Amino acid sequence: MTSDASTRPHIDRYEPTEIEPRWQARWNEIGLYRTDLNDTTKPTYYVVTMYPYPSGDLHIGHWSIMATTDAVARYHRMLGKNVFFPMGFDAFGLPAENAAINSGVHPAKWTFANIEVMRRQLRTMGNMFDWDAEVVTATPEFYRWNQWFFLKFLENDLAYRKMQAVDWCPKDQVVLAREQVLGVERVCWRCGTQVIKRDLEQWFFRTTKYADEYLDYTGLDWPEPIRLMQTNWVGRSEGAEIIFETAPDAFQPGGAELPVFTTRPDTLFGATFMVLAPEHPLVAKLTHPGQQAALDAYLHETRRKSEIDRLSTDREKTGVALGAEAINPINGERIPIWIADYVLSGYGTGAIMSVPAHDERDFAFATRFGLPIRQVIAPAGTTAGSMESAHIAHTADEVLVDSGRFTGMPAPEGARAITKALEEKGRGKSSITYRYRDWLVSRQRAWGTPIPIVYCQADPSCGVVPVPEAELPVLLPEDFEFRPQGGNALEFDERFTKTTCPRCGGPGRRETDTLDTFVDSSWYWWRYLTPHKSDGPFDRALTDRWCPVDQYTGGSEHAVLHLMYARFFAKALNDLGMVSEREPFLRLFNQGQILGEDGERMSKSRGNVQDPDELVSRFGADSVRLFLMFMKPWEADAPWSPTGIQGVNRFLNRVWAVTLDPHHGDPRSKVEVTDPEAAAQELRTLAHRTLRDVTEDHEGFRYNTIIAKLMELSNALVRYRGTAVARSAAWDETIDLLVRMLAPIAPHIAEELWSRRLAASGAEWSSVHVQSWPAFDPSLVAVDSIELPVQVNGKLRDLVPMAAGLTQAEIEPLVMAREKIRAQLEGKQVVRVVHVPGRLVNIVVR
RNA sequence: GCGGAAGUGGUGGAACGGCAGACACGCUGGCCUUAGGAGCCAGUGCCCGCAAGGGCGUGAGGGUUCGAAUCCCUCCUUCCGCACCA
């Protein structure tokens, strides 16, 4: 029945480099991916993946994130939703400025040239980006709204300026937000240089206002690790603030309040000394003249120490007694006041009550300096004894001992009772402290959003003056004069700095710091909806319809950076009545990293970088997309395999062949089909089961198994190729399903095959990407006959073919009749038979 | 130190508490080819065996269960985040 070579149609080879640009051009031409944001006939689905920095080099990691997110978007489009999937560029930032300092090229020129290159690279992926919505943050039309938000925040006490010891990167010559300083080594998140502390007056956004709200993920589908990192970063601690008072002595009158924060007010009777941070404001006042020299030496030493030395936990504790005493408000006891650098000025009140019996750090300090240790907590049923080990864990059955009228109370109750007693005396209250800090947004760099502030030089009563809204944007100069030694070019550019005070009209100087580029990424998803709107940052009707973002994807390195800032903006803008939601992203997914072949992070210096452009020219974008999805679970990290991509390339070649040339199977690879109808039915069943599984896997982002299952289906097609099965309706249906299932993940080949099939059937062309996602036939997915695994004592011994859905009574005779089973049961006694319907039978023998 | 994730063939990885190793890569042998970074066939966890078959196997050790890669406990290793936060 096979046709001979002369009737065989000419089938060209799968040539992705021909197909892919052709379809990309066509899609672009017909506006296939232009989303009508006002279409209300379909449910909206908003997909965003973190936009890239325009380094001018799209790397394989971008492909992994963006191509897979594209599959998400396309899948939802096929489900009948109105999907919006935009792309933009995080265009402000240091690399452009550093390039400018080195080469003299204007950062805008460098940046926009890179964007041009990256747009081209991005287009080769074949993603359904709606380029009409593109956002470029370094354009005045975008950054003026950064300035506008800054002014709104200022008006509403969400932005403020203060002097503070801040983290300074000496290489980039810029301050960093707390969360932009990484690890124990305390290095700059961008360049890896160790930061130092500097006292500077800087602008902050009041992110801590929402500290508690960040802990609430109600309604959000976010990965647990991210939620934990954010929760730890906020670092909420419940406890009490307790006000100690200085005792009068010959050198000071006493009566000064010394509030401390503690999570264990129940240990108040165990406080045997107090410790202030060296920077504590009362240190100078309380120092006994006899201690002045020792104190000065210690303060000097502390300042000299690097942050790292100071924060090192295994360093021996150091400190100096002030020579003054404090009064414990619960029992009037006088205890000595020390300073030590293990107490941090920035946390709590910068002072602690020291309870060495129940805190390891206090214990270490007390031991070092011979200070008393007094146990006030003990497991129920024991009495206070000599304390040898530090810190008893908070357990349910521990009780207060040696604690006056509170003795005998369970610890939690004691904590409440002591707090209440203090509150009645006005000496304390329950209190919550956070480790979280406000976001420092000032940056001493020229290539960023100018902070819209003028410092009046005429009238001190004007002082720090916001630029009026009507005068926005404060534009960056058209040309910078960068100095080779670096530094902020805005600072010495008089055309920029020289201005007039908006309040009094006198001479003024502009703020030369710019905003952290993370401000840009804190609201760009709203801007995508109206990227060129000039009378507001976004359109409320559209943000209401489309936001929050349904699906957001990106790397987990932004757990406490971008993602926290974005949540802050949603909450702040909601409070200001600008948006309806309080959370930006409903569902978040963090993909893992593609590592180099050596298993290390890809980097130019290691020489283990994979160039996607080169891979595309060899294998085509679809193969690159597919391999990135196939090689690992999306969320996992895995090394690149230079040979692995050939597997998916072969797969696409086979799909090409079975689709376009079904009747010319290789005689060696095809199977002997004795019952074509049964075989066709089997193929159809496999197709529908594949569809069911692939649909489920889409919902769970399991792209690696989607591709494995499509490979299995195509392998089955290869086996039946050239047989009678290839002439069946089932074959045709299977090919149709296969092409549709391929569409979200390999959009070009799917489109090409789809269009050729339409042409062959004489149908009018319509893109595969506007087809619906098929529904599987439940009756086909149901199983009617099975090979039931049979275990004896938990070990697999046989597979017994039988009809599905039999009862245990029906199954047992079938199983017992099997020779292999009989052999296993020989001379043994059957204790019980476990039957898991449809799964297996386990015969337990003795 | 605290918190998290993860340990499965030569490799990447599959497996609602129920047939471990799907699907690939690589490798071995063979076919085809002027050629191949092409295609096809067969094999490929380890051990014994010609085979049939059997034994052992998911970082280590315990436990729960008829049954554990999967659940629980104790370790070990790797990676990530935080780190004197009172």
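Here the structure is a predicted model, which is why all the values come from computation and not from measurement. To find a chain, count down the sequence lines: A is the first, B the second, and so on, and within it residues start at 1.
The side chain of A:Asp341 has B:C84 as its nearest neighbour among B:C84, B:C23, B:A86. Checking B:G18, B:C40, B:G12 against the side-chain heavy atoms of A:Arg654 singles out B:C40 as nearest. Nearest nucleotide to the side chain of A:Phe630, out of B:A24, B:A86, B:G53: B:A24. Of the listed nucleotides (B:A15, B:C82, B:A86), B:A15 has the atom at the smallest distance from the side chain of A:Thr705. Picking from B:G18, B:C23, B:C19 the nucleotide with the shortest atom distance to the side chain of A:Pro789 gives B:C19. Minimum atom distance to the side chain of A:Ala708 is reached by B:C23, of the listed B:C23, B:G53, B:A20. Comparing B:G18, B:C23, B:C82 by their nearest atom to the side chain of A:Glu712 picks out B:C23. Nearest nucleotide to the A:Gln791 side chain, out of B:A22, B:G18, B:C40: B:G18. When distances run from any side-chain atom of A:Leu840 to the nucleotides B:G18, B:A86, B:G4, the shortest one goes to B:G18. For A:Asn842, whose side chain is taken as the heavy atoms from C-beta onward, the closest listed nucleotide among B:G13, B:A22, B:C66 is B:C66.
Checking the phosphate oxygens (OP1, OP2) of B:C79, no side-chain nitrogen or oxygen of A:Gln593 falls inside 4.0 Å. In this structure, A:Asn232 does not reach the B:G4 phosphate: none of its side-chain N or O atoms is under 4.0 Å from OP1 or OP2. The phosphate of B:A24 (OP1 or OP2) has a side-chain N or O of A:Asn715 nearer than 4.0 angstrom. The phosphate of B:G53 (OP1 or OP2) has no side-chain N or O of A:Arg797 nearer than 4.0 angstrom. Between B:A86 and A:Tyr347, a contact under 4.0 Å exists linking OP1 or OP2 to a side-chain N or O. Under 4.0 angstrom from either OP1 or OP2 of B:G54 there lies no side-chain N or O belonging to A:Lys795. Side-chain N/O atoms of A:Ser237 include one lying less than 4.0 angstrom from OP1 or OP2 on B:A86. For B:C25, the OP1/OP2 oxygens have a side-chain nitrogen or oxygen of A:Arg650 closer than 4.0 Å. Regarding contacts with the backbone of B:A86, every side-chain N or O of A:Arg264 stays at 4.0 angstrom or more from both OP1 and OP2.
Atom CD of A:Glu614 is surrounded by more than 12 heavy atoms from other residues, nucleotides or ligands within 6.0 Å. Counting non-hydrogen atoms of other residues, nucleotides and ligands closer than 6.0 Å to CD of A:Glu224 gives a total above 12.
Residue A:Leu652 contributes atom CG, which lies 15 Å from atom C1' of B:A38 at whole-angstrom precision. Between the P atom of B:C23 and the CG atom of A:Asp697 lies a distance of 15 Å, rounded to the nearest Å. In this structure, A:Leu595 atom CG and B:C80 atom P are separated by 10 Å, rounded to whole Å. Rounded to an integer number of Å, the gap from A:Tyr14 OH to B:G39 P is 13 Å. B:C82 atom P lies 10 Å from atom CZ of A:Arg186, rounded to whole Å. Spacing between atom CE of A:Met229 and atom C1' of B:A83 amounts to 15 Å, rounded to whole angstrom units. In this structure, the CH2 atom of A:Trp640 is 14 Å from the C1' atom of B:A24, given to the nearest Å. Spacing between atom CH2 of A:Trp233 and atom C1' of B:C2 amounts to 15 Å, rounded to whole angstrom units.
Backbone-only engagement by A:Asp637 is indicated by non-hydrogen atom pairs under 4.0 Å involving sugar-phosphate atoms exclusively. When heavy atoms are screened at a 4.0 angstrom cut-off, A:Glu224 is found touching no nucleic acid atom at all. Among the heavy atoms of the strands lying under 4.0 Å from A:Asn704 are primed sugar atoms or P, OP1, OP2 only; no base atom is included. Among the heavy atoms of the strands, none lies under 4.0 Å from A:Gly239. Residue A:Val834 is classed as a base contact, given a heavy-atom separation below 4.0 Å to a base.
Geometrically, A:Arg368 does not engage A:Trp338 in a cation-pi contact defined by less than 6.0 Å to the ring centre and at most 45° from the axis. Both tests do not hold together for A:Lys317 against A:Phe365: distance to the six-membered ring centre under 6.0 Å, angle to the ring axis within 45°.
Taking atom C1' in both B:U58 and B:U77, one finds a spacing of 16 Å when rounded to whole Å. For the P atoms, the distance from B:G1 to B:C75 is 12 Å, rounded to whole Å. A distance of about 13 Å separates the P atoms of B:A5 and B:C73, rounded to the whole Å. Taking the P atoms as reference points, B:G4 lies 13 Å from B:C72, given to the whole Å. Comparing the same atom, P, in B:A6 and in B:A38 gives a spacing of 37 Å after rounding to whole Å. Between B:U64 and B:C82, the two C1' atoms lie 35 Å apart (nearest whole Å). Taking atom P on both nucleotides, B:A15 is separated from B:C71 by 14 Å, rounded to a whole Å. Comparing B:A52 with B:U44, their P atoms sit 11 Å apart, to the nearest whole Å.
For the pair A:Arg427 and A:Glu257, the salt-bridge criterion is met [side-chain N within less than 4.0 Å of a carboxylate O].
Below 30°, between 30° and 60°, or above 60°: for A:Trp189 and A:His558 the angle between ring planes is above 60°, a perpendicular geometry.
In this entry B:A35 has no Watson-Crick or G-U wobble partner, no candidate having both defining distances under 3.5 Å. Using the Watson-Crick or G-U wobble rule with both distances under 3.5 Å, B:A42 pairs with B:U28. Across all strands shown, B:C84 forms no Watson-Crick or G-U wobble pair with both distances under 3.5 Å. Pairing of B:A5, defined by two Watson-Crick or G-U wobble distances under 3.5 Å, is identified with B:U78. The pairing partner recorded for B:U58 is none, the criterion being a Watson-Crick or G-U wobble arrangement whose two distances lie under 3.5 angstrom. The partner of B:A52 is absent, by the rule that a Watson-Crick or G-U pair needs both atom distances under 3.5 Å.
Taking the nucleotide of RNA chain B with the nearest heavy atom to each of A:Glu787 and A:Arg839, the more 5' of the two is matched to A:Arg839. Residue-to-nucleotide proximity on RNA chain B shows that, of A:Arg702 and A:Leu796, the 5′-proximal contact is made by A:Arg702.
For A:Lys709 against B:C23, no side-chain N or O and base N or O form a donor-acceptor pair under 3.5 Å.
Donor-acceptor pairing under 3.5 Å is recorded for the side chains of A:Asn649 and A:Ser623.
Glycosidic conformation, B:G7: anti, with the torsion outside 90° of 0.
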Quick one, A:Tyr298 with A:Thr318, criterion side-chain hydrogen bond (donor to acceptor under 3.5 Å, both in side chains). Give me CA distance, side-chain angles, the key distance, then yes/no.
CA-CA 9 Å; A:Tyr298 186 71; A:Thr318 59; 2.8 Å; yes

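Residues A:Phe369 and A:Phe273 keep their aromatic ring centres 6.0 Å or farther apart.
Within the structure, salt bridge (charged side-chain N to carboxylate O under 4.0 Å, His left out) contacts touching residues 785-798 of chain A (residues at least two apart or in different chains) are A:Asp798-A:Arg818.
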